[in-house]
Amino acid sequence: MNSQCPNAMQKRIYADHAATTPLMPEALEAMLPFLKENFGNPSSIHSWARKSREAVREARATIAKCINAEPEEIFFTSGGTESDNWVVKGSSGGLLVSSYEHHAVLSAVASEARRGRGVVYVRPKVGNGGGYIMPERLSKVWTDGIGLVSVMMANNEIGTINPIHLLSEFAHKRGALFHTDAVQAVGHIPIDVREMGVDFLSASAHKFNGPKGIGFLFIRKGVKLEPLLNGGQQENGLRAGTENVASIVGMATALKVNFDQMEENTAHLENLTSRLRDGIDRIFPSAIYLGDGVAGQLPGFTSVSFPGHAAEGLMHMLDLKGIAVSTGAACDSKNTQISHVLKAVNATNEIARSTIRITLGSENTVADVDVILAALKRILRGAGNDII
Ligand code: PLP
């Protein structure tokens with residue numbers, strides 16, 4: 001047998017939860033009837049439709065409750081990318097966005113810029129304790145005519161959490177609407193759209209143990225947004241297309257379970273993360289943590305650089321040992337250029353090229369962390385890793 005292959009008996013460890021999460025059994029169970037016998041189209045009139053319609057109604061109410069919204073403020077979409085595109089393309093006026101947004105925002109903004117819309121970028125604070133956006137930074141770049149400010153709630157590469165209530169207040173005082181891409185945050189940290197003062201909030205189910213290809217957009221009551229998709233009258237005439245009933249039900253179930261277990265999950269993940277970092281510090285004292293500042297980080301999130309060791313090599317060697325981590329955003333993993341997020345926080349080329357992202361989830365255990373540490377020790381202290 002090829003000694004490079006993972007041992008068939010070896011337990012595989014998934015530590016890439018910022019890329020996607022496993023579907024929780026409760027969500028799958030709740031979805032199955034809508035993939036089998038309850039297949040009615042919620043828009044039909046007959047009795048087949050009633051169950052589907054009722055399920056969608058209930059799911060909307062459940063999701064609204066978890067984020068302190070009203071049910072009619074929740075609009076189902078195909079995921080984070082669609083929610084982000086909808087807000088950017090359906091809004092009007094100039095755009096002010098952070099330079100370390102996910103490409104779902106940045107590429108939509110670039111497309112709007114090509115159509116002549118004004119765009120201003122704000123960089124996160126850099127240096128020690130950096131990686132987040134404060135109102136002072138928005139104020140530095142503010143220009144007249146900005147209609148929408150979009151700053152993510154938590155960054156997907158370094159896990160930093162932004163003070164959304166301060167940023168939305170800043171935007172509103174200047175007459176602009178405020179959107180936050182909360183794809184990495186929903187289901188993991190408390191979300192209260194009223195306290196946060198947001199007009200729009202994007203979420204995606206596969207980041208909180210729900211199914212892929214489903215998400216939602218919160219649109220504050222009374223705020224106008226042009227539809228992205230035109231067609232039937234679904235979602236109050238604002239998002240056409242037959243509802244993905246099973247996935248909507250799975251998403252609501254996953255969010256509710258995570259919402260109910262949030263305190264417990266956070267404590268568990270904080271415990272695992274400190275064990276992981278203590279271990280890393282012992283194995284490799286010159287490791288550098290990104291986004292590890294005063295702003296706070298998502299539970300379970302570690303973005304760490306091992307100077308002298310190429311991240312790609314580390315990731316592949318861990319993969320051979322059955323451990324999944326990543327070298328930045330999942331959608332960027334085929335891109336050999338330095339990530340725009342690490343660039344935005346001023347990471348040097350060497351740090352950026354040696355940074356891996358280890359994102360733990362609630363199903364990870366202390367034993368998993370110890371296996372990851374043992375593997376890192378062998379790789380980092382052993383010969384054969386490609387030095388930059
Ligand atoms: N926004 C952020 C911050 C993300 O991390 C992601 C996915 O990685 C997205 C948007 C896109 O979400 P989706 O995969 O549901 O389209």
Side-chain angles (χ1 to χ4, degrees), residues 14-23 27 63 74-89 97-111 124 131-133 150-162 164 167 179-189 191 196 198 200-218 228-229 239 241 244 247-248 250-252 254-255 258 290-291 295 297-303 324-335 339-342 344-345 357-359 361:
Y14 186 78
D16 196 14
H17 291 78
T20 196
T21 54
L23 182 67
I63 289 170
I74 304 297
F75 294 81
F76 296 121
T77 66
S78 61
T81 300
E82 183 186 328
S83 297
D84 288 345
N85 269 261
W86 185 4
V87 177
V88 170
K89 295 178 181 176
V97 298
S98 87
S99 59
Y100 75 163
E101 292 294 305
H102 189 273
H103 287 297
V105 168
L106 290 180
S107 299
V109 165
S111 155
Y132 59 98
I133 313 264
S150 182
V151 177
M152 66 205 316
M153 185 163 182
N155 184 271
N156 51 302
E157 286 192 45
I158 56 175
T160 44
I161 299 168
N162 282 313
I164 296 301
L167 301 173
H179 165 241
T180 192
D181 173 342
V183 165
Q184 290 289 336
V186 172
H188 302 287
I189 56 176
I191 306 277
M196 290 159 70
V198 295
F200 310 107
L201 178 143
S202 305
S204 175
H206 75 99
K207 305 289 188 180
F208 53 83
N209 308 95
K212 293 174 179 56
I214 188 78
F216 67 87
L217 178 66
F218 159 81
L228 183 65
L229 300 180
R239 199 282 187 179
N244 185 347
S247 295
I248 288 171
M251 170 164 66
L255 184 57
N258 270 317
L290 285 96
Q297 252 173 330
L298 288 169
F301 213 106
T302 296
S303 174
V325 300
S326 105
T327 56
C331 17
D332 268 3
S333 64
K334 291 198 192 95
N335 188 344
S339 116
H340 70 286
V341 173
L342 300 183
V345 296
R357 181 184 71 178
I358 306 172
T359 46

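As the structure lists them, so they are numbered: ligands from 1, and atoms in each ligand from 1. Keep in mind that what you see is a predicted model, and the values were worked out from it rather than measured.
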Give the ring-plane orientation class for W86 versus F75, where under 30° counts as parallel, over 60° as perpendicular and anything between as tilted.
-> perpendicular
So the atoms of ligand 1 within less than 4.0 Å of a heavy atom of N156 turn out to be 3 (C), 5 (O)
T20 versus K212, side-chain donor and acceptor atoms under 3.5 Å | yes
Mind checking whether N155 contacts ligand 1 via backbone (N, CA, C, O), side chain (CB onward), both or neither, at a 4.0 Å heavy-atom cut-off?
-> neither
Heavy-atom distances under 4.0 Å are what count here, so tell me which part of T81 touches ligand 1: side chain, backbone, both or neither.
-> both
Do S339 and E157 meet the criterion of a side-chain donor-acceptor pair at a distance under 3.5 Å?
-> yes
Measure from the side-chain N and O atoms of S204 to the backbone N and O of G79, and report whether any donor-acceptor pair falls under 3.5 Å.
-> no
Name the option, out of H102, M152, M153, that contains the heavy atom nearest to atom 4 (C) of ligand 1.
-> H102
Is ligand 1 less than 4.0 angstrom away from at least one heavy atom of H103?
-> no
Would you find a donor on one side and an acceptor on the other, under 3.5 Å apart, between the side chain of N209 and the backbone of A254?
-> no
Between K212 and ligand 1, which part of the residue brings a heavy atom under 4.0 Å of the ligand: side chain, backbone, both or neither?
-> neither
Which of the atoms in ligand 1, numbered in the order shown and given with their element, are less than 4.0 Å from a heavy-atom of S204?
-> 13 (P), 15 (O)
Heavy atom under 4.0 Å from ligand 1: found in E82's side chain, backbone, both, or neither?
-> neither
Return yes when H206 approaches ligand 1 closer than 4.0 angstrom through a heavy atom, no otherwise.
-> yes
Residue D84 vicinity, atoms of ligand 1 by number, heavy atom under 4.0 Å | 1 (N), 10 (C)
Note: N156 and A18 closest approach over all heavy atoms is O-CB, 4.2 Å
How about D84 and H179: do any of their side-chain heavy atoms sit closer than 4.5 Å?
-> yes
A18 to ligand 1: N or O pair under 3.5 Å?
-> no
Go through ligand 1 atom by atom and flag the ones less than 4.0 Å from a non-hydrogen atom of G79.
-> 15 (O)
Will you find, in the side chains of S99 and H340, an N or O donor that is under 3.5 Å from an N or O acceptor?
-> no
